[in-house]
There are 2 protein chains.
Amino acid sequence: MTGPRRRVTQRDIARLSGVSQATVSLVLNNRLDAGVRIAPETRDRVLDAIRETGYVADPVARRLADRNNRIIGVFTYEPVFPSGARDFFHPFLLGLEEQAERLGCDLLLLTSAPVEGGRRRMFAEGSRIRLADGCVLLGQEVDRGDLERLVGEGIPFVSVGRRDDAGGPVPCVGADYPAATAALVARAAELGHRRIAYVGRGEGPESYADRLRGFRAAAAKAGVEYGRVHAAAAEPLDAAVAGGVTALFLEEPADIPAVTDWAAARGLGVPADLSLVALGDPTRPVSIDLDVAGFTIPRREMGRQALDVFFALIEGAETDVQRLLPCELHDGATLGPTGRNRS
Amino acid sequence: MTGPRRRVTQRDIARLSGVSQATVSLVLNNRLDAGVRIAPETRDRVLDAIRETGYVADPVARRLADRNNRIIGVFTYEPVFPSGARDFFHPFLLGLEEQAERLGCDLLLLTSAPVEGGRRRMFAEGSRIRLADGCVLLGQEVDRGDLERLVGEGIPFVSVGRRDDAGGPVPCVGADYPAATAALVARAAELGHRRIAYVGRGEGPESYADRLRGFRAAAAKAGVEYGRVHAAAAEPLDAAVAGGVTALFLEEPADIPAVTDWAAARGLGVPADLSLVALGDPTRPVSIDLDVAGFTIPRREMGRQALDVFFALIEGAETDVQRLLPCELHDGATLGPTGRNRS
DNA sequence: TCAAGATGATAATACGAATTATCATCTTGA
DNA sequence: TCAAGATGATAATTCGTATTATCATCTTGA
């Protein structure tokens with residue numbers, strides 16, 4: 001028990017070496033700028049005192065003098081509790097952490113923002129979003145009002161995931177869903193599929209709309225007939241197959257178990273009778289034992305680059321503040337030539 | 001382009017509502033102490049201005065003035081890059097987040113601490129650990145010097161994982177490894193095993209020592225002969241089996257693939273010829289297709305309770321600041337009656 | 001009518017470091 | 001011998017918040 005012994009400050013060093021606090025600071029920062037000079041012997045005396053006492057500058061005080069605090073807020077729309085989608089976001093966080101480690105800044109997880117109706121509120125009463133120098137946004141769907149307010153108040157921020165304009169272009173690092181989806185559609189066309197369907201909402205979050213856009217464009221270009229199934233439910237799926245669809249493109253890969261169960265119940269072989277393509281990674285934890293064709297979202301890299309964009313923003317550096325990263329395509333066992341064609 | 005945005009300060013609020021900075025501070029901290037009074041209408045005017053601007057106290061300045069932030073630092077010894085063990089720590093973080101969400105505080109991931117020799121340094125030059133009200137420690141092995149310094153400087157902290165004393169008892173929330181390990185040893189004894197072995201270091205991190213301690217105590221109590229295998233390598237494993245060992249207790253479940261590969265190469269059936277028990281969860285990402293007997297570390301709950309202990313500490317509440325949580329036992333397919341006994 | 005007490009707000013200062021402007025003192029050159 | 005320049009150090013101020021001491025102004029009671 002030494003008791004709460006007081007920290008050694010520059011004042012202490014100053015007293016010990018018979019100089020002023022200002023001199024101590026100057027010695028410490030070793031300023032060689034114009035107009036700042038310290039006699040070698042004075043410098044030595046100060047350095048000795050520092051060595052003896054083991055003085056270390058208080059980083060808190062140091063930060064107060066600066067403009068920013070090198071703290072980046074991380075705002076996640078999905079609540080932690082109950083977990084659910086949290087696993088999906090973990091790789092993004094890893095990328096953010098990794099880059100924060102490299103850039104020497106800290107990440108502030110804004111867990112204090114209240115959760116209402118299953119979503120976190122950004123600007124609720126007592127919002128602490130301004131604790132940090134700015135923030136990174138995570139979430140499938142981002143509130144437009146929040147974006148506008150962030151822009152309006154000039155709070156530096158970057159969205160992980162592409163965002164439509166909100167009173168101006170939104171800085172973001174997204175996945176190139178249109179390109180990845182289009183590539184898979186083209187692949188299906190090559191394999192002989194003539195009627196394909198997009199399973200999902202195709203609207204709401206930008207990531208959904210982007211997938212559907214890529215899907216449509218590529219199908220049209222390949223001369224393939226295409227339709228939509230609005231949900232991964234038995235009835236609409238039955239209708240699609242009855243209409244001659246031979247390949248399903250799933251907006252939400254977490255729906256795969258539901259779709260394979262349905263296919264098994266109908267006696268449809270995958271990919272013999274029906275091909276399946278997963279447009280991304282599942283946002284809910286599900287266990288999938290199939291080797292599904294599709295693509296992977298470069299989540300970790302997105303997290304990394306989000307911080308790069310953030311720093312470019314606050315430092316006024318020149319970069320593209322809207323980036324789309326390529327997804328990694330994956331040939332799985334569920335996309336094959338259509339059995340109907342072969343027969 | 002809005003230019004470098006200036007932070008909203010109490011001075012701004014003061015100007016907006018026509019009062020002094022001191023008044024703003026008093027309103028914010030809602031001091032009802034003797035001698036401090038604010039007229040309701042003044043208070044309202046100030047609160048309005050705060051609402052309009054979304055003002056939040058600068059955490060740095062607040063710390064300098066020696067007050068609380070409701071920011072809890074999270075210090076992780078394992079670096080993020082390259083990832084590796086990071087997945088193991090994710091559930092702890094989830095528990096921390098969940099409880100932070102409940103308690104209305106934010107988590108500061110101390111990613112700015114430099115990494116040296118594969119470990120993060122806590123008190124390196126310019127350590128920002130004091131930006132937070134205190135911190136939670138994550139890591140298999142915690143530096144003793146760091147613990148002593150935390151205690152010495154009076155920084156409130158809690159370790160996730162039990163820690164030996166460091167100039168006094170260390171506040172912590174750990175897993176009850178001895179009890180869980182002992183239960184599995186007892187189970188093996190019931191199943192007829194007469195010679196068993198502990199595979200691993202059994203020292204270094206407290207969690208290793210705790211497992212070995214539980215193992216020895218339970219084996220002795222059950223009257224079972226026990227030995228040790230210092231690493232999951234072919235040679236020492238061969239020796240153990242040659243010596244009549246019929247069950248292996250793995251300190252590090254990430255070693256399971258290595259051990260099953262070795263067993264397969266030797267033509268040993270699991271559990272017919274040899275039983276396997278995993279003492280916890282793998283700390284490195286490995287794919288295990290077996291249903292291994294063992295126990296699970298209550299990682300999420302440990303994270304949750306760590307924050308509880310933390311707040312109890314800084315609020316001076318009465319609680320046990322050293323907790324051991326029970327692990328969940330899991331009967332798997334790898335622990336069975338010994339074939340040698342049956343023959 | 002005046003002193004004592006209650007009320008509400010503010011000025012001043014601390015926290016620890018960084019920085020700028022300023023001030024002595026000493027050299028040097030003519 | 002005196003002005004100009006070089007040298008070395010310091011006083012004062014800044015950053016944003018918290019707190020204490022102080023100061024007006026208004027009530028109240030006798």
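Since the structure is predicted, the reported quantities are computational estimates derived from the model, not experimental observations.
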[N] phosphate, OP1 or OP2, under 4.0 Å from [X] side-chain N/O:
| X | N | answer |
| --- | --- | --- |
| B:Arg7 | D:dG16 | no |
| A:Thr9 | C:dG16 | no |
| B:Arg43 | C:dG8 | no |
| A:Thr23 | D:dT10 | yes |

Protein-nucleotide distance ([X], atom [atom1]; [N], atom [atom2]), rounded to Å:
| X | N | atom1 | atom2 | result |
| --- | --- | --- | --- | --- |
| A:Arg63 | C:dC15 | CZ | C1' | 17 Å |
| A:Asn68 | D:dG16 | CG | P | 12 Å |
| B:Asn69 | C:dC15 | CG | P | 19 Å |
| A:Asp58 | C:dA18 | CG | P | 10 Å |
| A:Tyr55 | C:dG16 | OH | P | 10 Å |
| A:Leu131 | D:dG16 | CG | C1' | 13 Å |
| A:Arg37 | D:dT7 | CZ | C1' | 5 Å |
| A:Leu28 | C:dT19 | CG | P | 12 Å |

Would one find more than 12 heavy atoms of other residues, nucleotides or ligands at under 6.0 Å from atom CZ of A:Arg119?
yes

Over 12 foreign heavy atoms within 6.0 Å of CZ, B:Arg144
yes

Assess the side chains of A:Gln322 and A:Arg162: does a donor N or O sit below 3.5 Å from an acceptor N or O?
no

Could you tell me if B:Asn30 and B:Arg43 have a donor-acceptor pair between their side chains, going purely by distance under 3.5 Å?
yes

When you match B:Ala39 and A:Val24 each to their closest nucleotide on DNA chain C, which lands nearer the 5' end?
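Going by which nucleotide is closer to the 5' end, it is B:Ala39.
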
Both B:Leu26 and B:Leu64 contact DNA chain C. Which one's nearest nucleotide lies toward the 5' end?
B:Leu26

Row check, B:Phe123 ring normal vs B:Arg149 NZ/CZ: under 6.0 Å, within 45°
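Yes; both conditions hold, so B:Arg149 lies above the ring face of B:Phe123.
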
Ring-face cation contact, A:Phe92 with A:Arg300, 6.0 Å cut, 45° max:
no

What I want to find out is whether A:Asp165 reaches A:Arg163 closely enough, with some N-O distance under 4.0 Å, to be called a salt bridge.
no

Any N/O donor-acceptor pair, B:Gln10 side-chain to D:dA18 base, under 3.5 Å:
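No, the side chain and the base share no sub-3.5 Å donor-acceptor pair.
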
hbond_proxy B:Gln21 side chain to D:dA18 base (donor-acceptor, 3.5 Å cutoff)
yes

Contacts of B:Ala61 and B:Ala22 projected onto DNA chain D by closest heavy atom; the upstream (5') one is B:Ala61

Regarding A:Ile38, tell me which of base, sugar-phosphate or nothing describes its non-hydrogen contacts under 4.0 Å with the strands shown.
sugar-phosphate

When all nucleic acid strands are considered with a 4.0 Å heavy-atom cut-off, which category describes B:Val19: base, sugar-phosphate, or nothing?
sugar-phosphate

Note down the inter-axis angle between the two ends of the helix from C:dT1-D:dA30 to C:dA30-D:dT1, five pairs each, to the nearest 10°.
70°

May I have the list of side-chain donor-acceptor pairs in residues 312-321 of chain A shorter than 3.5 Å, sequence neighbours left out?
none

